[in-house]
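As structure tokens, the structure follows; a few thoughts come after it.
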Amino acid sequence: RFAAGELVTATAGRRGRVLGVGLMRGFAPAGGWLAQLMRDEVLGGIEHSDVREGFVFAWPVASPSFFSLANGGALMDAGAHTLDLLAWLLPTARVESYFDDASGGVEANCRIDLVDARGTRATVELSRTRQLRNSVVVLAGGGTVEVDVFGTFVPGSRQLIHRPRRRRKRPRRRSGRSGQGGSAGGG
């Protein structure tokens, strides 16, 4: 696959063409909308992103090649699209830790923890054996946004959840010394 990619890139260069890779979620309304919302810091800076995508793989497969090492597992399949979407939100993110259940085969479940240059963290969890919430949750300074990971969000629909962050109430400080103060009867 790498050699094929190099060939296509070289051919485009020789012919003076621009080569672009179009991952499907990059064209979905939710991804672009979410990236713009975060770029404009409508809700303040990103503090954490959490992406969960998964379902129980239960449809008939015509060929065992779907499960071959060459085709990859959850990361190569859904993960490529998920990481592309996350790159819009955290363009300088790097992998901090990675875990999967491959045990020498193809992973059905994996978790990736990322951190960007500013210290903003992100978690990605992918599964072919468990139903996950299939959404991107972005916690920002001024609120939380959650959109469908498949990008079917249409602005104004119910798939957007914005929860303004509540400030913690600080305990009130009492003025004066203990045992004195504000009672009306004196005493």
Side-chain angles (χ1 to χ4, degrees), residues 1-6 8-9 19-39 46-117 120-140 144-155 157-162:
R1 290 184 180 183
F2 185 76
E6 286 184 321
V8 170
T9 302
L19 174 66
V21 177
L23 294 175
M24 65 184 180
R25 293 193 193 151
F27 297 101
W33 178 84
L34 183 59
Q36 186 67 46
L37 184 73
M38 296 298 112
R39 239 186 335 268
I46 298 174
E47 295 176 6
H48 188 267
S49 297
D50 185 83
V51 184
R52 308 290 165 149
E53 179 176 350
F55 54 89
V56 177
F57 187 90
W59 65 81
V61 178
S63 163
S65 68
F66 189 83
F67 301 101
S68 76
L69 282 173
N71 290 329
L75 180 60
M76 288 280 290
D77 182 19
H81 303 286
T82 302
L83 292 173
D84 179 57
L85 177 62
L86 199 55
W88 284 19
L89 302 177
L90 302 171
T92 62
R94 63 176 174 73
V95 175
E96 189 173 57
S97 66
Y98 174 82
F99 168 81
D100 69 31
D101 61 358
S103 299
V106 175
E107 82 282 351
N109 297 282
C110 68
R111 178 187 167 117
I112 310 161
D113 293 305
L114 303 112
V115 63
D116 77 356
T120 305
R121 299 193 173 283
T123 303
V124 175
E125 186 174 356
L126 305 167
S127 180
R128 286 185 171 168
T129 63
R130 297 172 292 131
Q131 181 65 46
L132 301 179
R133 70 169 191 268
N134 295 314
S135 69
V136 179
V137 176
V138 177
L139 174 66
T144 302
V145 176
E146 180 174 8
V147 295
D148 174 45
V149 77
F150 301 112
T152 56
F153 168 77
V154 176
S157 76
R158 294 182 185 183
Q159 292 175 317
L160 166 67
I161 302 168
H162 168 236

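- Checked against side-chain contact (heavy atoms from CB on, under 4.5 Å), R133 has the following partners two or more places apart in sequence or in another chain: D50, R52, S135, V137, E146.
- Between L37 and V145 the shortest side-chain heavy-atom distance falls below 4.5 Å.
- For R121, the salt bridge (Lys or Arg N to Asp or Glu O under 4.0 Å) criterion is met by E96, not counting sequence neighbours.
- For the atom pair CG of L85 and CD of E53, the computed distance is 9.5 Å after rounding to the nearest 0.5 Å.
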Next item on the list: Take I46 and L139, measure what side-chain contact (heavy atoms from CB on, under 4.5 Å) needs, and give me the verdict at the end.
Entry: CA-CA 6 Å; I46 298 174; L139 174 66; over 6 Å; no
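- Scanning all heavy atoms of the two residues, the minimum distance from L86 to A122 falls at CD2-CB, 3.9 Å.
- A pairwise comparison of heavy atoms in L90 and S49 identifies CD1-OG, 4.3 Å as the closest pair.
- Atom NE2 in H48 sits 9.0 Å away from atom CG in L114 (nearest 0.5 Å).
- The side-chain contact (heavy atoms from CB on, under 4.5 Å) check on E107 picks up A74, L75, Y98, D100, D101, A102, C110, with sequence neighbours excluded.
- The CG atom of D148 sits 11.5 Å away from the CG atom of L34 when rounded to the nearest 0.5 Å.
- Remark: F55 pairs with W59 by the ring pair (Phe, Tyr, Trp, His ring centres under 6.0 Å) rule, at least two apart or across chains.
- The distance from the OG1 atom of T120 to the CG atom of L89 is 10.5 Å, given to the nearest 0.5 Å.
- One distance of note links OG1 of T82 with CD1 of I112; it measures 8.5 Å at 0.5 Å rounding.
- To the nearest 0.5 Å, atom CG of residue L19 and atom OG1 of residue T9 are 5.0 Å apart.
- Every residue two or more places apart in sequence or in another chain that forms a side-chain contact (heavy atoms from CB on, under 4.5 Å) with D113 is listed here: S97, R111, T123.
- Residues meeting the side-chain contact (heavy atoms from CB on, under 4.5 Å) test with R130, sequence neighbours left out: N109, E125, S127, L132.
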